Amino acid sequence: MIAGLLYADKDRTNVKRYDDDSTIISDLNLKSLFRTCAQKVIWNGEIVEKVTPADPFIEQTMRQVMMVPLRTKEEVEYRQAVIRDFLNNTELAAQLYEITTGLSNAWNALGRKEKKHQEQDAAGEMITKIKVINMLLNTACKVKKILEDNENSFKSEGLKNLLTGLRNEISEDKEKRIRKVIDDVSFFTIEGEREERMKPGRICVPKIVLGCRIGDSLRFDSFQLDELESVDKKYHKPGGFLSKMDDYKNKLVPDSIQLTKNPALLEQGAYMERMMVSYLCESLSGFVDELGVFFDHLRMQCAFMLGVCYLQDQMRRYELHLNFPKVGAKECFKFTELKELVMCIEQHHAPIGNSCDIKNKNMLVVTGANQGGKSTFLRSLGIAQLMMQAGMPVLADYYEAPLYPGMFTHFTRREDSEMNSGRLDEELKRMSQIVDYLRKNEAEAPGTSLVLLNESFATTTEKEGSVIAYDILQAMTGMGVNVATVTHLLSFAKRLYEEKEQEKKDKGVDETNVVFLSAERLDSGERTFKMIPCVPQLTSFGLDLYDKMIYGTESV
């Protein structure tokens, strides 16, 4: 049985992460996003009362799931449908996560994680098995009951299949049979639990019926368990009058043996009890293993769903709403009011959104004024793409893009003491690693890779950096790789633009494979933080920033 909330036909097997996920997390600053998804907002009407500390398990789960891209449109739509159901019923996600977390904690308290490293005595291990079987059954019944109570609101195949699977696995008949086994071996549980089951003045004792035959040398063999159950009977204090009367009555029964008066037989009787209980528990080992794995997966998947619900609730603080993206055709980016989600989280306000409609292009070049929002725009694109490929809603009014399971980022980094070489050398090493991945990915699935470059090769001279950038980007697009780059290498942008204009004249076409955007700057020098189609300019308007710092004004 699978949980099936993330995938229709599997839980987490045979899934491939992004090739360089740690770099993506660092460049897009995704740790803030993971942490925010793990924090619950407590509302008091329309006012935020408090935000809870991040749940470590949810935070880690968001990282794990988001770094494994979905690869088909069908997979994305399947997960989106499940998320929609949970967004419409956040309490359901919270209940399922709480129940499965409680089971995990209780099981760990019984030594689940340490089982391989510790040896329990036979009796102690048997008691633990009985407890675990009971916990798993109770949890399965609780989850099934919660899902049945909410069944009418389910629209996704994921939640419908989850309920169907539980009904098949934990049918009423199977539940009764398992509970009977647990009741039958209740005499073997610890004293406190035994007493809870009994009425005052009664005691729980085993009734064991074995079948066998007489073999060679008149020895018993071919033992089989015919009956094993717990029965409760009146408790008589040993040595008392009623107890003596019971002993006398039992002596009158043919073939009756009083174990209490024979230590050797008493010990063998206890051994037989353990063997019978062990036999029954072993018969349920498959049930324990299957349900244990199932609830581990269910807990993780509910943690992801709850994280998405928490994120949507966080956006409510800034009067924003996440919307589900659409998987589009190849080399087609179309979005409206796309905002940088991590900036919104960290600065606690809604950033400026951008809109774009790009078709049949595999290179996007963004130039323009310093501090104009170019890097923010590139990060917003990368974050939205990652979230879409995880089946999540994005911070945009509309977002449509193809799937790029081969996604890479190459952002310029500050020099620090941990670097063993210069910044340009470090950039080239990272780029070489990306190229190695691209060769492999494009050979397996052409046109499924996306590379985001943010001010790459700006650590050397403008002339040298432009040559490096031109050669690398031309090679990438020639392989079929899709590239989006933010650059201050004006010679590179100018050369590329002029070549593409000449290409249009030579081929008599209106479009090429490259689109040029620029950070908008008004005549007053004001930045609007909007990206607009524009011919690459031969300045980044750095004097605007100088004049603002020195004179408090902006140059025109």
Side-chain angles (χ1 to χ4, degrees), residues 1-17 34 37-38 54-68 70 75 78-79 82-83 85-86 92-118 125 128-147 156-170 174-175 178 281-282 284-310 390-391:
M1 182 171 62
I2 65 172
L5 299 182
L6 297 182
Y7 301 92
D9 56 351
K10 60 188 175 187
D11 279 322
R12 293 186 63 192
T13 56
N14 301 322
V15 290
K16 185 176 183 297
R17 301 170 65 86
F34 302 149
C37 290
D55 182 313
F57 186 79
I58 296 179
E59 186 174 355
Q60 180 62 24
T61 298
M62 297 306 297
R63 174 177 182 141
Q64 291 175 347
V65 176
M66 288 184 66
M67 289 300 104
V68 178
L70 299 173
E75 285 183 335
Y78 178 90
R79 191 178 295 181
V82 177
I83 293 176
D85 273 351
F86 280 114
L92 174 61
Q95 282 182 298
L96 294 179
Y97 177 66
E98 182 181 355
I99 289 173
T100 51
T101 298
L103 170 66
S104 179
N105 292 339
W107 200 345
N108 290 338
L110 291 175
R112 181 189 189 188
K113 291 183 177 180
E114 293 76 21
K115 184 177 179 181
K116 295 180 180 179
H117 308 289
Q118 294 181 354
E125 185 176 354
T128 299
K129 284 183 179 180
I130 296 169
K131 287 185 175 180
V132 169
I133 294 169
N134 204 22
M135 286 193 308
L136 289 171
L137 183 61
N138 289 338
T139 302
C141 293
K142 285 180 183 178
V143 170
K144 186 173 72 168
K145 178 67 165 59
I146 290 172
L147 292 173
S156 66
E157 289 300 314
L159 279 170
K160 291 177 181 178
N161 292 341
L162 174 61
L163 178 55
T164 300
L166 277 170
R167 280 173 170 165
N168 292 336
E169 185 67 23
I170 311 295
K174 187 171 184 178
E175 180 187 349
I178 295 175
C281 289
E282 192 63 31
L284 292 174
S285 60
F287 170 83
V288 172
D289 294 340
E290 183 177 356
L291 270 192
V293 172
F294 167 77
F295 281 121
D296 286 341
H297 285 150
L298 183 61
R299 182 193 180 205
M300 183 273 294
Q301 294 175 31
C302 288
F304 174 74
M305 298 298 165
L306 190 57
V308 177
C309 294
Y310 284 169

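The structure displayed is predicted, hence computed values, not measured ones.
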| query | Which heavy atom of A54 sits nearest a heavy atom of E59, and at what distance? | reply | CB-OE1, 3.8 Å
| What closest approach, in Å, do V288 and V132 show between heavy atoms, and which atom pair accounts for it? | CG1-CG1, 4.0 Å
| request: Mind running side chain to side chain contact (heavy atoms under 4.5 Å, CB included) on L159 and L163 for me, showing each step along the way? | output: CA-CA 6 Å; L159 279 170; L163 178 55; over 6 Å; no
| request: For Y7 and V68, work out which heavy atoms get closest and say how close. | output: OH-CG1, 3.6 Å
| query | Can you list every pair that meets salt bridge (charged side-chain N to carboxylate O under 4.0 Å, His left out) and has a residue in residues 96-109, with sequence neighbours left out? | reply | none
| note | Distance col, row I170:CD1 vs L291:CG, nearest 0.5 angstrom, shows 5.0 Å
| field | side-chain contact (heavy atoms from CB on, under 4.5 Å) partner of C302, chosen from I58, T61, L96 | value | L96
| message | My understanding is that only residues two or more places apart in sequence, or in another chain, count here; which of them pass side chain to side chain donor-acceptor pair (under 3.5 Å) with S156? | response | D85
| said: Nearest 0.5 Å, please: how far is CG in L136 from CZ in F294? | reply: 11.0 Å
| request: Any chance you could measure D296, atom CG, to L103, atom CG, to the nearest 0.5 Å? | output: 8.0 Å
| task | Mind running side chain to side chain contact (heavy atoms under 4.5 Å, CB included) on E175 and L137 for me, showing each step along the way? | result | CA-CA 8 Å; E175 180 187 349; L137 183 61; 4.2 Å; yes
| remark: By side chain to side chain donor-acceptor pair (under 3.5 Å), N161 pairs with (sequence neighbours left out) none
| query | Once you round to the nearest 0.5 Å, how far does CG of L6 lie from CE of M305? | reply | 5.0 Å
| query | Distance-only, no hydrogens or angles: does the S104 side chain make a donor-acceptor pair with backbone N or O of T100 under 3.5 Å? | reply | no
| query | Can any side-chain N or O of E75 pair as donor or acceptor with the backbone N or O of L70 at less than 3.5 Å? | reply | no
| said: Nearest 0.5 angstrom please: L166 CG to M1 CE, how far? | reply: 5.0 Å
| query | Going from CH2 on W107 to CZ on F295, what distance comes out if it is rounded to the nearest 0.5 angstrom? | reply | 9.5 Å
| Is it true that a side-chain atom of E157 and a backbone atom of A8 form a donor plus acceptor pair closer than 3.5 Å? | no
| message | Please check: side-chain N/O of K142 versus main-chain N/O of I99, any donor-acceptor pairing under 3.5 Å? | response | no
| message | I'd like to know whether L110 forms a side chain to side chain contact (heavy atoms under 4.5 Å, CB included) with M135, so could you lay out the CA-CA distance, the side-chain angles of the two residues, the decisive distance to 0.1 Å, and finally the verdict. | response | CA-CA 11 Å; L110 291 175; M135 286 193 308; 3.6 Å; yes
| task | Could you please spell out the steps behind the side chain to side chain contact (heavy atoms under 4.5 Å, CB included) verdict for V65 and R79? | result | CA-CA 12 Å; V65 176; R79 191 178 295 181; 3.5 Å; yes
| said: To check you understand the geometry: which heavy-atom pair defines the closest contact between R112 and G292, and what is its length? | reply: NH2-O, 4.0 Å
| task | Would you please name every residue forming a side chain to side chain donor-acceptor pair (under 3.5 Å) with Y310, sequence neighbours left out? | result | none
| query | Which pairs, with at least one residue in residues 158-170 and sequence neighbours excluded, count as a salt bridge (charged side-chain N to carboxylate O under 4.0 Å, His left out)? | reply | E148-R167, E151-R167, E169-K174
| task | Could you tell me which residues satisfy side chain to side chain donor-acceptor pair (under 3.5 Å) with Q60, sequence neighbours excluded, listed by chain and number? | result | none
| task | Could you check if a side-chain atom of F304 sits within less than 4.5 angstrom of a side-chain atom of Q64, using non-hydrogen atoms only? | result | no
